[in-house]
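Report on the structure given below.
Model, not experiment: these values are computed from the prediction. Only this structure's heavy atoms are used, side chains among them; waters, hydrogens and symmetry mates stay out.
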Amino acid sequence: MKLEIGWLVNLILCVCVCVCVLTGGDVCITGHDSGPVFEEQPSSVVYPEGLSKGTVTLNCQARASPAATYRWHVNGTNVPVGDLRYTLVAGNLVISGPQYGSDGGSYQCLAMNRCGTILSRVANLKFGYLHDFSGEGQSPQTVYEGAGAFLACQAPAHYPALSYRWFVNDFPSFVKPDGGRWFVSQVTGNLYLAKAEPNDTASYFCFTTIDMDISTKSTFSKANQLTVQPDANTRKSAPAIKVRFPAETYALAGHTTQLECFAYGNPIPKLRWRKVDGLLPSKAGASAEGPILTLPEITFHDEGVYECEAYNSEGRDKHQGRINVQAQPEWLQVMSDSEVEISSELHWTCVAAGKPRPSIRWLLEVNGGRLKVINLALEDSGMYQCVAENKHDTIYSNAELRVQVQAPDFRSNPVRRLVPAARGGQVMLECRPRAAPKPTLFWSRGTELLTNSSRVTVTPDGILWIHNISRADEGKYTCFAENYLGKANSTGHLSVRDATKITLAPSNADINQEENVTLQCHASHDPTMDLTFTWAHNGALVLDIIEFQLNSNYIQYWDLLIVSGQLSQAGTYSCTAQTVVDSASASAKLVVRGPPGPPGGLVVKNVAETSAELRWSRGYDNHSPIGKYVIMGCSPLSSGWRTMRTEPSNIEGNAESARVVGLLPWMDYEFQVIASNILGSGEPSMSSHTVRTQQAAPTVAPSGLGGGGGDRNELIITWTPMAREYQNGDGFGYILAFRKRNTPTWVVERVSNVESSRYVYSNQSLSPYCPFEVKIKAYNRKGEGPFSQIALVHSAEEEPTVAPLRINATALTAFEMQVSWDPVQHLSIRYWRQHEREAAADRVRTAGLETTARVAGLRPSTRYHVTVLAYNSAGTGPASPKSTVTTRRPPPNRPPGNVFWKTDGSWVTVRWDHVKALGNESAVLGYKVLYKHEGQSALKVLDKGKTSVTLPLPKDNGYVVLEIRSWGEGGDGAAHETIVSLYIHSLLPTNLKALDWWKDGLY
């Protein structure tokens, strides 16, 4: 019989219809012998053609008792084992010096003993070869710079498949991808170049390698000369796909599948892959953005249409093809070793999956070609095999059949010696002796032969049933078994006990979610037996002690406490009191009211540009009417699920459809529906399938319009690229319109790259810093959007041509100078020391119409040269005449010494010694006292004659920090810092070292 379901094949062997008979030879001994079972089977081998001194070993080992013997077939005929070139080692076939003409083919191993014979899977011995390339080289190729090109490999005859590489000029200088410029096809071996460059001129060699089981072989072609002609007017070009994968690709499940795609273009095109009818499998990894899409361990879920897109700033090109996944045969159900009684029937089933669907055939042991269509006999024992095959593979399953014959025997399975039963109940006594053929069975009580009555039933298979048991039924019961080989009997004793009864049954209950409830259960039972209680929820035992609490009083009752009841705990609860002889049960229903369950069957229809229609089916209301629905949505731009706008805005509880509005055109969305009632909101429905809204023309203009700068004769326009949510469709780009201010004619340019943010307009007639009115709008395949507001952008400036006038440099201190000039916008000041070169000058820049600038960080007593230059975005102008200045002598580098103070009420008087300037230092003109308290500060400047100052103390008994330093023409001298406080005056040290100790808590 043959049964086909989808791509599954189910074949049932009915041995009572088709069996084989063995005659003569050794007999397989039951319980002692076993037929062969393969532990190792041969695998296919690729052997190098022309290698005469090697060997090939095809493995075959089987487990059997007695041990198996082996034979081999090649292409259906016996292998002449014992020949000089064929050796049998255990079960393995060793072929010495394999020869292409005589040894290639399909090999199978036969393992056999007196219990039967089995056949191994097929192993192919094939010969690998790789011939040399043709002696004729290919014609030289010449291409222009920026164009694409390819070099054909034209591989020589070979087996099996090759791998390809190319090297340049000399081995092993292999071609590398170079940012996607180069690609070597592993299908054709051809070398492709996306964008030629002058330095690509060279000789190229196709290098092929073949991998066999015991060796590899390689060879390479004659030189392929490629010449790239320089082109000063290299033009940009949109991508053009040149390497295309087939429109239909057949892949084998569990194996790695690769698709190739490569394009010419300038700039070099980038590649990306997608699955047109679903999500691109994550297993593709980084290959999703490369020339070879790799799908390891492909499955039927990966089947579908795949697209390769090549894109650059000039455009894009696409190619699509379908992957059809097929599969080798795989067993879903196999036959197993069976022991059956003589004259009975046997049914074996083999079920296999595969694509194309496998055919199934049976291999039966046949001796002399005789088949008997009769009841099973001893001679039908033996080995049987089931074979499933399609074009990808053949698989085998084998099992052993043993036909049994035996007189009745109760030793391994006697009637139970003591059988307890409950009064008023029923009991079953089994009679299952070993016997073949099947014996006749009957029961007796004492000398009374039992027959069917109102309370007694004897089934054909020997089971005795006694119903409505009473004390009078106690006693001995004997089962008798008989077949043509002999007789046997077995006896058991029936003991009658009191019945178990439920005395307090659980009651139905109705609660809200999170409430508690107790279900009670009490029972009585035979005092001589142990009683156990169990609770079941909808037929499943209650085992989760976290959700349920069981309260017991010895074994008389077992109450079920449900804490913080949940919707999942609603249903039927059954209490069962049980002894070893009987049981009693009682049930109650628990209703838990709560928020609604998730709606079902969510579908999205009628998807428009900014709206979509949703339909769903009502979920379970959990015993509280549904009041309303809320629709949630998410898109690639949202961080999670959010509430969507709908029509109607309030969706009532009896609704099963609504329209979502306010969507973005050309955007992917998923939706969920949530129902709610007076007890709260329920779980969301399953997410809808992803839908994409229809495309629409852009509705907003790009922002950030501006520009300026650049080289002479250029107008640079910049803007902020449009985010994905505003593109509204594919084929997206920008339209720029610009004109000279106060002129009527607009110049219009299109920019096709969505990521562009800059456009450069070059024209030799452009005047420097000429004002232009500029506006921009977006477009896509559906149309154009609105123009932005007009912005004013200037063309590139011309560098200044006039040097600043009336330059004056004045030393302010030992470290600073001030430079002044007549008003000019944007200035650069250069200054350098007298002994340095002007090329090493430092710079200070100003902006706007400033006429002075301070230059700091100078060296004391140093002569500096200063020039001033005007600058703008186009560059710097000529330098002004040179001015010279000498910085002042430095101030004393010593702080005031011998600082001390004295308090008087809320005032403190601080005194210090005069600082004397050295010969190379500027004179002291006075002192500066910086007064700091709680983040605020005040500066007091004293003339040279004063070396003391009186200052107020804080009213909150806080402290003040004082910095005292000298000052003069050279600037400020070194500071002395001290802390003054009314509270610590008597303790505070008056020198800096002691002050440090005091701060660190050491004084």
Side-chain angles (χ1 to χ4, degrees), residues 235-241 244 247 261 263-267 269-280 288-289 304-322 604-613 633 635-638 660-670 689-705 717 719-738 746-759 775-788:
R235 294 181 176 274
K236 293 183 178 181
S237 60
I241 295 178
R244 298 173 178 263
C261 179
Y264 297 169
N266 182 15
K270 295 182 179 179
L271 298 170
R272 58 188 170 206
W273 295 80
R274 72 182 184 100
K275 191 167 186 276
V276 176
D277 47 3
L279 296 177
L280 187 70
E289 295 182 353
V305 178
Y306 288 79
E307 178 183 270
C308 167
E309 181 183 28
Y311 63 98
N312 62 15
S313 60
E314 303 305 305
R316 61 195 67 213
D317 192 11
K318 297 178 181 179
H319 173 67
Q320 292 183 354
R322 180 174 185 83
V604 185
K605 295 185 175 181
N606 302 325
V607 180
E609 296 172 353
T610 59
S611 64
E613 182 181 349
S635 72
L637 301 178
S638 61
V660 181
V661 297
L663 304 179
L664 295 174
W666 198 55
M667 184 60 64
D668 292 337
Y669 286 95
E670 291 181 66
H689 64 279
T690 302
V691 297
R692 177 169 288 186
T693 51
Q694 297 293 318
Q695 299 188 37
T699 56
V700 297
S703 61
L705 185 61
I717 303 171
W719 62 92
T720 301
M722 291 277 275
R724 171 66 176 79
E725 59 262 39
Y726 302 119
Q727 294 174 18
N728 290 5
D730 60 1
F732 185 87
Y734 304 95
I735 297 176
L736 289 165
F738 52 91
W746 292 90
V747 177
V748 178
E749 296 288 349
R750 297 174 78 91
V751 180
S752 61
N753 187 358
V754 64
E755 299 173 357
S756 295
S757 61
R758 185 172 183 266
Y759 177 78
K775 57 184 179 180
I776 187 173
K777 65 180 176 180
Y779 73 90
N780 60 26
R781 296 191 190 279
K782 299 295 288 186
E784 300 176 359
F787 268 118
S788 66

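Applying the side-chain contact (heavy atoms from CB on, under 4.5 Å) test between D668 and each of L637, T690, V691 identifies T690 as the sole match.
Among residues two or more places apart in sequence or in another chain, the side-chain hydrogen bond (donor to acceptor under 3.5 Å, both in side chains) test is passed with K777 by E784. Under the side chain to side chain contact (heavy atoms under 4.5 Å, CB included) criterion, F732 pairs with P698, M722, Q727, Y734, V754, A778, N780, sequence neighbours left out. With sequence neighbours excluded, the residues satisfying side chain to side chain contact (heavy atoms under 4.5 Å, CB included) with R272 are E309, Y311, R316. The side chain to side chain contact (heavy atoms under 4.5 Å, CB included) check on F738 picks up L715, I717, V747, E749, Y759, Y761, F772, V774, with sequence neighbours excluded. In this view, A696 and E609, P665 satisfy the side chain to side chain contact (heavy atoms under 4.5 Å, CB included) rule, not counting sequence neighbours. With sequence neighbours excluded, the residues satisfying side-chain hydrogen bond (donor to acceptor under 3.5 Å, both in side chains) with E613 are N606, R615.
Closest approach of A697 to N728, counting heavy atoms only: O-ND2, 3.1 Å. Closest non-hydrogen pair, W719 versus S756, comes out as NE1-O, 3.1 Å. Heavy-atom minimum distance, V276 versus E307: CG2-CB, 3.8 Å. Smallest separation of non-hydrogen atoms from Y779 and I735: CD2-CG1, 3.6 Å.
The number of heavy atoms from other shown groups lying within 6.0 Å of OH (Y726) does not exceed 12. For R758, the CZ atom is loosely surrounded, since the number of other residues' heavy atoms within 6.0 Å does not exceed 12. Remark: K275 NZ is packed, more than 12 non-hydrogen atoms of other residues, nucleotides or ligands lying under 6.0 Å away.
Put simply, the side chain of D277 gets close to the backbone of V305: a donor and an acceptor are under 3.5 Å apart. Remark: side-chain polar atoms of S638 are paired, donor with acceptor, to backbone N or O of S635 under 3.5 angstrom. The closest donor-acceptor contact from the side chain of W666 to the backbone of R724 lies at 3.5 Å or more, if one exists at all. Remark: side-chain polar atoms of D317 are not paired, donor with acceptor, to backbone N or O of A310 under 3.5 angstrom. Side-chain N or O atoms of S788 include one that pairs as donor or acceptor with a backbone N or O of I776 at under 3.5 Å. At least one donor-acceptor pair under 3.5 Å links the side chain of N266 to the backbone N or O of R235. In this structure, T693 contributes its side chain and M667 its backbone to a donor-acceptor pair below 3.5 Å. Of the possible donor and acceptor atoms, one in the side chain of N312 sits under 3.5 Å from a partner among the backbone N and O of S237. A donor-acceptor pair is defined here as one N or O able to donate and one able to accept, closer than 3.5 Å; such a pair exists between the side chain of S752 and the backbone of S313.
For the pair V700/P786, no side-chain contact is recorded, criterion being any heavy-atom separation below 4.5 Å from C-beta on. Residues Y669 and L663 form a side-chain contact, since some pair of their non-hydrogen atoms from C-beta on lies under 4.5 Å apart.
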Please evaluate residues R781 and Q695 with respect to the criterion side-chain contact (heavy atoms from CB on, under 4.5 Å), reporting the C-alpha separation (whole Å), side-chain torsions for both, the decisive distance (0.1 Å), and the verdict. CA-CA 8 Å; R781 296 191 190 279; Q695 299 188 37; 4.2 Å; yes

Steps toward side-chain contact (heavy atoms from CB on, under 4.5 Å) verdict (S611, V660): CA-CA 5 Å; S611 64; V660 181; over 6 Å; no

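For the atom pair C261 SG and H319 NE2, the distance stands at 7.0 Å (nearest 0.5 Å).
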